[in-house]
Each structure stands twice: as C-alpha cells, then as structure tokens.
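Naming: A, B, ... by sequence-line order, numbering from 1 per chain. No hydrogens, no waters, no symmetry mates; every other heavy atom, side chains included, goes into these values.
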Amino acid sequence: MTVKLRNVIPIFSSKQPLQTPKTVSPTYSNHPIIWKLKKCSAPQDLQSIHASMIKTNSHQHPFFMNQFLTTCCRLHEIDYAFLTFTDVADPNVFVYNAMLGGLVGHSQPIRALRLYVDMSRSHVLPTGYTFSYLIKACMQIPALGLGEAVHGKIWRFGFSSQLIIQTGMVDFYSSLDKIEESKRVFDEMSERDVVSSTVMLLGYARAGDMDSARRLFEEMPQRSTVSWNTMIGGYARARDVESAASLFDEMPNKDLVSWTTMISCYSQNKHFKEAVETFGGMKAAGVSPDEVTMATVISACAHLGALELGRELHQYALLNGFDLDVYMGSALIDMYAKSGSIERALVVFYKLAEKNLFCWNSVIEGLAIHGHGKEALDMFHRMKKAGRIFPNRVTFVSVLSACAHAGFVEEGRRMFASMIRDYSISPEMEHYGCMVDLLGRAGLLQEALDLVRSMVMEPNAVIWGALLSGCKIYGNLEIAEAAVEKLMVLEPNNSAHYMLLVNMYAEANRWGEVAIVRGMMKGRGVQKRGPGCSWIEMDGVVHEFAASEMFHPSSNEICLLLFGLDGQLKLAGYSLELDFNSLL
DNA sequence: GTAGGGTTAG
C-alpha cells in the first residue's frame with residue numbers, strides 16, 4: 001500500500017490567518033445531554049442520546065458533538081462515532097480533533113490521516129492538538145515515514161514551540177528507536193512538565209537505557225504515578241525484576257496500572273508464582289483488576305497449570321461484565337488447553353466476537369498438544385478461509401507439531417513448503433525440529449538427516465535429539481551414532497543422550513559398545529541432569545513432581561498405578577519405551 | 001483532548 005504524501009499532508013494556503021480557536025463557552029457543561037454523555041457507560045444508550053440531540057438540533061453543535069464523539073470513542077463505538085460525525089454539516093476543529101483522537105486511539109491511522117485531509121479541504125485550521133494526533137497516527141504507520149513531514153508542517157504553522165508538540169516529537173522519535181533525536185528535542189525544550197519528562201523516561205525505557213532513565217527520574221521536580229509506572233515497566237522490559245520490585249515497593253500511590261505492570265513484570269520474566277501472589281496483594285490493597293490485569297494473571301495461571309484459579313478469574317470476569325477481548329480470550333484458551341480442558345478452550349474460542357492471530361494460534365496449539373492433529377489442521381484451514389489473518393512462525397510451529405504427533409507426513413511436508421513459498425517465513429530452529437520429529441517418527445531417517453544437513457543455521461541439541469529419538473524407535477544405529485556425536489559436543493553433560501545410545505546398543509546385543517559408552521560417561525564425569533519437573537493443580541492444591549524423586553506424599557500409590565498402566569498397555573499390545581526402574 | 005500496564009511460542 002502506498003499513500004502519496006501530497007494527498008495526506010496537503011499544503012495550506014499561507015494566506016489564511018493563523019488563529020487559535022476560542023474555547024467553547026462553559027455554560028453548556030450543565031446541560032442534561034452533556035451530563036448524560038459524561039455518565040454514559042452503556043454503548044446501547046448512545047443511539048437514544050443521539051436521537052434526543054437530533055430533536056434539539058444539538059447534533060450540529062460543536063460542543064455537543066465533541067462530547068458525543070468522545071463518549072462514543074470511550075465506549076469503543078468508533079464506527080458509530082464516525083457515522084454521526086459525517087452527519088455534522090459544518091464541523092469545527094474541536095469536532096475534528098475529537099474524531100481524530102478516537103481514530104488514533106483505536107489504531108486507525110489511515111482513517112485519521114484521511115480525516116485530516118478532509119479537514120484541510122474544508123479549510124478548518126488545525127490546532128496543536130490536531131498535530132499531536134497526526135504525529136500519533138504517523139507513529140502507528142512508521143513505514144510511511146510521514147513523521148518528518150508532519151514535523152516540518154508543524155514548524156511552518158508555528159506550533160513547534162508548543163509543549164504538547166515537542167512532547168509528541170520526543171515520543172515519535174523514540175517510537176522509531178531514534179533515541180538521540182528524542183534527546184535533542186527534549187534538551188531543546190524551554191519548559192518541561194511531568195508529561196514531557198515522563199515521555200522522555202519512556203524513550204529511555206524503550207531504548208533499554210535504564211541508567212539514563214533513572215538519572216532523569218531522580219532529577220524530576222515532580223513525578224506522577226505514570227512516571228513511576230513507566231520506570232517499573234522499563235525495568236520489566238530490561239529484565240531487571242529486582243529494580244522493578246524495589247521501585248514498586250517504594251512508590252507511594254499504586255494504582256491499577258502500577259499493580260498490573262508489576263504483575264506483568266513477574267509474568268514476562270517467568271516468575272509466575274510471584275505474579276499470582278502480587279495479584280493477591282492487589283486484591284488485598286482494594287484495587288480492582290480490569291481486562292488487562294486479567295489477561296496477564298490468566299496467562300501466569302496457564303504457565304503454572306493453576307486451573308482452579310484460572311477458572312475463578314474467568315468467573316470473576318463474567319460476573320463483572322468484562323469484555324472478552326482478544327487478549328483475555330487468548331490467555332483463557334491457552335490456560336484451559338494447558339490445564340487439560342480443550343473443551344473449555346474451544347467454548348471460549350467460539351464465544352470470541354473478534355479473533356486475532358493470537359486467538360487462532362492459541363486454539364491451534366491447544367488442539368495440537370491434545371493430540372487432535374486433524375482438528376488442529378482443520379482450524380488452520382478455517383483461519384485461512386476467514387481471511388485477513390495470516391499465519392506467522394508461531395502458527396506453523398503448532399501446525400507442524402500437530403502433523404508430527406498425528407503422523408501426517410505428506411501434510412507436514414506440504415505445510416513446510418507452503419510456509420516458505422506462500423508466506424515467506426524462513427524456517428527457524430523450531431520448525432526444523434518439528435519436521436525432523438515428523439520424519440523421524442515416520443521412520444524416514446535418511447530424509448530427516450538430509451533436512452538437518454540442509455539447515456542454514458547450526459542445528460541445536462533439540463534437532464539432533466529429535467533425530468536420535470527417531471533412530472531409537474526404528475533401531476537405526478548408524479544415524480544414531482552421527483546424532484550422538486553431535487550431541488556430545490552440544491550437550492556433553494546430558495546423560496540422556498549417552499543412555500539412549502547405550503540402550504540401543506544393548507537392544508542390538510552389542511555389549512562391547514555398551515561398555516565403551518559407559519566408560520566414556522565415567523571418564524567425562526557425566527552426571528545425571530537435575531530433575532525435570534512438572535506441576536498439576538487439583539482441588540486448589542498445586543502438586544509438584546520431579547523426575548526420580550519420591551517426595552510427593554502419594555508417591556507409592558502413583559508408582560503402583562503407573563506399573564499397573566504399564567502392564568495394561570503391554571497387554572493391549574503397546575511396547576512402552578520408558579524404563580520405570582530408571583525413574584525410581 | 002498529550003505520558004504508563006495485556007495474549008500465543010516442540
């Protein structure tokens with residue numbers, strides 16, 4: 001898509017006098033319609049309010065329309081706002097600004113830029129706010145490179161010294177990773193307020209320069225809650241959980257965003273337990289969560305396998321009339337799928353009014369991990385049919401792993417080829433891993449090895465490990481030896497690879513080699529790795545299991561059950577690869 | 001009406 005600069009940023013006639021619009025008389029602020037709009041929290045009420053505005057002809061009045069549009073946008077009724085906006089015969093700059101703000105706030109930069117074109121064609125003069133929205137729109141489509149042009153335009157209009165414009169430019173440059181430009185504009189500012197300094201903080205945080213951010217933060221004469229939150233968020237991004245936590249403890253008035261930022265900081269840095277605990281602290285502090293908090297905490301539950309808490313949160317969201325948006329939707333789908341309930345995950349998925357790539361990826365991944373390979377692929381095709389949403393690398397990892405687990409060799413090959421050809425996604429380590437797994441499980445070990453050797457990047461231990469498991473199933477010692485040779489370099493201390501080879505030699509009655517490999521392990525001092533562990537929650541209690549340990553109070557019963565299962569599986573004709581004795 | 005927090009990853 002190309003947008004001609006000339007069409008987007010038209011040149012104003014310089015003959016027009018530049019004037020700042022006068023503020024609308026405040027006498028209307030007590031008008032019942034304005035009052036109703038300010039209080040309005042239900043989108044379905046908008047239509048009747050608009051009807052009463054038409055009756056009194058106030059739907060043409062700039063002050064009323066400004067309030068009406070702002071209300072629509074606050075309630076996410078952006079299309080309805082636009083519809084009523086087009087009905088206004090002669091909108092002034094306040095009305096345009098409200099509409100622009102709504103469009104930019106709902107990430108519709110192209111519509112915003114078009115509206116700006118209309119505005120200039122109607123000879124409505126922009127204000128500083130108009131340009132600040134324009135800068136935001138440009139930030140949302142950096143590829144067009146319009147920011148500089150807008151900057152030039154602002155300068156010509158004499159707004160360049162306005163605080164709000166300079167603030168916008170600091171933000172604009174830092175959003176494009178041009179931190180030096182941000183600093184230049186910031187240093188040139190003759191006056192600074194809390195907001196401009198906080199935007200600069202955000203710039204440093206985006207650039208990962210938390211030392212400079214801290215210096216500015218310490219120097220700031222006033223700090224708002226937003227300044228604190230920006231700092232905490234910056235440390236979260238920089239993976240400095242400790243600094244984030246200590247700043248959070250220190251901060252005086254924690255609001256909803258502060259708590260959510262801290263929870264997300266823990267979650268993003270894999271401290272899921274702390275994330276859930278902090279959520280508890282938030283509730284104890286009497287701060288109510290919103291959709292953003294919920295999405296974050298539910299995601300932490302998914303990682304912990306805390307189904308019970310996750311379900312409670314879902315319940316809470318339903319009771320409080322929260323919007324089931326794409327963020328919370330994806331988190332819920334993932335949480336239910338990972339905690340064993342693909343049915344509930346699907347219920348959430350079908351309930352979603354709007355689905356983005358995250359939602360589709362979560363449900364495809366969920367089906368894949370539940371072994372529903374065919375359903376996962378069906379879902380993938382439905383996503384393609386729905387249009388507008390294009391698969392990414394994450395999608396293909398799920399799709400390929402679904403093929404691997406269901407044994408769809410031909411389909412997997414096709415998907416892999418299509419990913420490269422139709423979607424220009426270059427295969428990454430994970431994709432190769434799935435393909436090697438797929439081919440290996442199907443016994444196509446030579447093809448798998450050829451694929452590994454064709455890789456542009458150096459294959460990692462996961463790849464060789466997948467190949468080795470394939471060799472183990474089909475007793476292909478030749479390729480297994482090649483894989484183990486690589487694995488010994490990549491993970492020299494992982495006993496599993498040596499043991500796999502030992503078992504294979506033993507199965508082939510090659511006891512000489514068994515002794516050699518065992519000797520190698522001893523000689524290299526290969527230790528058994530730390531235990532892998534897993535959690536599962538039942539009736540609100542999280543049970544932790546680690547390989548080769550018997551700490552769980554019901555270990556004996558569990559092992560008895562497993563042995564029983566082992567026997568039943570053997571009876572059913574399934575030869576189990578696992579040796580339980582090695583686990584105990 | 002300018003600043004801060006969100007989801008998927010064998």
A.B. asks: Assess whether atom CD of A/Gln222 is packed by more than 12 heavy atoms of other residues, nucleotides or ligands within 6.0 Å.
C.D. replies: no
A.B. asks: Phosphate oxygens OP1/OP2 of B/dG6: is one of them under 4.0 Å from a side-chain N or O of A/Gln268?
C.D. replies: yes
A.B. asks: By the 4.0 Å heavy-atom rule, please label A/Thr261 as base, sugar-phosphate, or nothing.
C.D. replies: sugar-phosphate
A.B. asks: Within the structure shown, what part of the strands sits under 4.0 Å from A/Asp437 by heavy-atom distance: base, sugar-phosphate, or nothing?
C.D. replies: nothing
A.B. asks: Under the salt bridge (charged side-chain N to carboxylate O under 4.0 Å, His left out) rule, collect the residues that match up with A/Glu343, sequence neighbours excluded.
C.D. replies: none
A.B. asks: Are the ring of A/Tyr327 and the base ring of B/dT7 both nearer than 5.5 Å at their centres and tilted by less than 30°?
C.D. replies: no
A.B. asks: Ignoring the backbone of A/Leu202, work out which of B/dA9, B/dG6, B/dA3 is nearest its side chain.
C.D. replies: B/dA3
A.B. asks: So with a 6.0 Å cut-off around NZ of A/Lys283, is the heavy-atom count from everything else above 12?
C.D. replies: no
A.B. asks: Within less than 4.0 Å of OP1 or OP2 of B/dT8, is there a side-chain N or O belonging to A/His303?
C.D. replies: yes
A.B. asks: Please state whether the base of B/dG5 and the side chain of A/Thr260 form at least one donor-acceptor pair under 3.5 Å?
C.D. replies: yes
A.B. asks: For A/Lys374, check salt bridge (charged side-chain N to carboxylate O under 4.0 Å, His left out) against everything at least two apart and list the hits.
C.D. replies: A/Asp378
A.B. asks: Report yes if a donor N or O on one partner sits less than 3.5 Å from an acceptor N or O on the other, where the partners are the side chain of A/Asp290 and the base of B/dG5; otherwise report no.
C.D. replies: yes
A.B. asks: Would you mind classifying the nucleic acid contact of A/Ser132 as base, sugar-phosphate or nothing, using non-hydrogen atoms under 4.0 angstrom?
C.D. replies: nothing
A.B. asks: Select base, sugar-phosphate, or nothing to describe what A/Ser224 touches, counting heavy atoms under 4.0 Å on all strands.
C.D. replies: base
A.B. asks: Base, sugar-phosphate, or nothing for A/Val326, non-hydrogen atoms under 4.0 angstrom?
C.D. replies: base
A.B. asks: Using a 4.0 Å cut-off on heavy atoms, which residues in residues 330-344 of chain A reach DNA chain B? List them by number, or say none.
C.D. replies: A/Ser330, A/Asp334, A/Lys338
A.B. asks: Is the distance between the ring centroids of A/Phe416 and A/Phe396 less than 6.0 Å?
C.D. replies: no
